[in-house]
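In what follows, a single structure is set out as structure tokens and then discussed.
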Amino acid sequence: MTADIIDGRAFAADIHARIAREVAALTAAHGIVPGLATVLVGEDPASEVYVRSKNKATRAAGMASFEHRFDADMAEADLLALIDRLNADPQVHGILVQFPLPPQISEAKVIAAISRDKDVDGFHVENQGRLAMGRPALVPCTPLGCLMLLRDTLGDMTGLEAVVLGRSFNVGRPMAQLLLGENCTVTTAHSRTRDLAAVCRRADILVAAVGRPGMVTGDWVKPGATVIDVGINRIAKDDGGTRLVGDCDFDSCAQVAGAITPVPGGVGPMTIACLLANALTACCEANGLPAPEGLTA
Ligand code: NDP
């Protein structure tokens, strides 16, 4: 069997287009322009690329992009003061502080400082708690993107066995909660799980978010399963360059799975699309308007 490829790039492009239409309609009907503030501290090259892409996508969707950049020696107090100002700014509906931060700044303090209503990364303890309680919340972008791809691929997931590999607060844990919300029977596996391969082979839905290149091989996959590969790992090529691979060994998994996301071009593009979706949702909620359907959990 050869799996269907889940085209996250095309799906994300549709979401960007949909959000641009929703933003235009919001502006025309109510004079509201959703605004997203991004904060980049330091010169980490990967972070620079991510933030540039996020700012560009924000502007392309017709939203206002408020871009803040600081040197790596920025004091924690100055960043917290900026967050206070952004929390109070009615033009800003979402705040994204790019991680990792330099060591003198506590990421936990930054997450706690961002208003939960503007927490478009879904990291605030209140949003994570609401998600765990099955209540409406701003949900971390990457698992929200995975959920959208799964809904599109499978429709109703009631009763399916789902295994999430990884238990980070930004991917694994919220992913497990979202699948529970879809009425799946959910197992969360991690580095201490015994016989990982056997656990994975039970899964109708297998989400891999471990950061280990090619760890999941075809013999871990139940025939016909839907495999979502969150991993983004840069590995060396024979010619001295590098390439991106996922946490799943694509070739062997695709022989067994019913559907699979490639890396790149699967989950990756969904993350920025869901950031914009969260910014739009936050803006609608701030203005007492219903959030557009299909862009939330
Ligand atoms: P973390 O490092 O925060 O978490 C990794 C998780 O994997 C941990 O729960 C860890 O278990 C588990 N794990 C590590 N090694 C093993 C192993 N050998 N067997 C079983 N479990 C293991 O990573 P993230 O969740 O932030 O990211 C995971 C991957 O997803 C990375 O490749 C990252 O680059 C990618 N990513 C992609 C995004 C996208 O936009 N597509 C966005 C975010 C992340 P334990 O808790 O026991 O240590």
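On a predicted model such as this, the values are computed, not experimentally measured, just so you know. Atoms within a ligand are numbered from 1 in the order they appear, just like the ligands themselves.
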- Query: Counting from 1, what ligand 1 atoms have a heavy atom of V230 closer than 4.0 Å?
  - Reply: 30 (O), 35 (C), 36 (N), 37 (C), 41 (N)
- Does R52 come within less than 4.0 Å of E67, counting only side-chain N to carboxylate O? no
- Message: Regarding K237 and D239, does a basic nitrogen lie under 4.0 Å from an acidic carboxylate oxygen?
- Response: yes
- Near G268 (heavy-atom distance under 4.0 Å), the atoms of ligand 1 are 41 (N)
- Message: With a heavy-atom distance limit of 4.0 Å, tell me whether L196 approaches ligand 1 through its side chain, its backbone, both, or neither.
- Response: side chain
- Message: I'd like to know if A209 contacts ligand 1, where contact means a heavy-atom distance under 4.0 Å to any ligand atom.
- Response: yes
- Message: Whether the S252 and D249 side chains hold a donor-acceptor pair (N or O, under 3.5 Å, no angle test) is what I'd like checked.
- Response: yes
- Task: Distance to 0.1 Å, residue and atom name: give those for the protein heavy atom nearest to atom 8 (C) of ligand 1.
- Result: R167 N, 4.0 Å
- Location of contacts on M215 toward ligand 1, heavy atoms closer than 4.0 Å: side chain
- Message: So if I count the atoms of ligand 1 from 1 in the order they appear, which ones are less than 4.0 Å from some heavy atom of V267?
- Response: 41 (N)
- Task: May I ask you to identify the nearest protein heavy atom to atom 44 (C) of ligand 1, giving residue, atom name and distance to one decimal place in Å?
- Result: V171 CG2, 4.0 Å
- Between T142 and T271, does any side-chain donor sit less than 3.5 Å from a side-chain acceptor? yes
- Closest non-hydrogen protein atom to atom 33 (C) of ligand 1, residue and atom name please, with distance? I232 N, 4.1 Å
- Message: When you compare the side chains of T261 and D229, does any donor N or O come within less than 3.5 Å of an acceptor on the partner?
- Response: no
- Message: Can you name the atoms of ligand 1, numbered from 1 with element, that are less than 4.0 Å from a heavy atom of N170?
- Response: 26 (O)
- Min N/O separation S191 to ligand 1 under 3.5 Å: yes
- Message: I need the minimum non-hydrogen distance between K222 and D204, along with the two atoms involved.
- Response: NZ-OD1, 2.8 Å
- Message: Between R167 and T188, is there a side-chain donor-acceptor contact under 3.5 Å, judged purely by atom types and distance?
- Response: no
- Message: As an exercise, identify every atom of ligand 1 less than 4.0 angstrom from a heavy atom of G166.
- Response: 6 (C), 7 (O), 9 (O)
- Message: So that I can tick it off, tell me whether R69 and E48 are bridged by a salt bridge, with the cut-off set at under 4.0 angstrom between side-chain N and carboxylate O.
- Response: yes
- Closest contact, heavy atoms only, G62 versus V33: O-CG1, 3.7 Å
- Is at least one protein non-hydrogen atom found at under 4.0 angstrom from atom 2 (O) of ligand 1? no
- Compare every heavy atom of V120 with every heavy atom of L138, then report the nearest pair and how far apart it is. CD1-N, 4.4 Å
- Query: Counting heavy atoms only, which of P213, S168, G211, P264 is nearest atom 29 (C) of ligand 1?
  - Reply: G211
- Residues, nucleotides or ligands: over 12 heavy atoms within 6.0 Å of Y50 OH: no
- At what distance is the nearest protein heavy atom to atom 42 (C) of ligand 1, and which residue and atom is it? T142 OG1, 3.2 Å
- Message: List ligand 1 atoms under 4.0 Å from T271, heavy atoms only on the residue side.
- Response: 39 (C), 40 (O)
- One finds that the ligand 1 atoms under 4.0 Å from a non-hydrogen atom of H190 are 11 (O), 20 (C), 21 (N), 47 (O)
- How are the rings of F123 and F169 set to each other: parallel, tilted or perpendicular (split at 30° and 60°)? perpendicular
- Message: So, regarding L165 and ligand 1 (criterion: nitrogen or oxygen to nitrogen or oxygen, under 3.5 Å), is there a contact or not?
- Response: no
- Message: At under 4.0 Å between heavy atoms, is it the side chain or the backbone of V210 that contacts ligand 1, or both, or neither?
- Response: both
- Message: I'd like to check which ligand 1 atoms, numbered from 1 as shown, lie under 4.0 Å from a non-hydrogen atom of N233.
- Response: 32 (O)
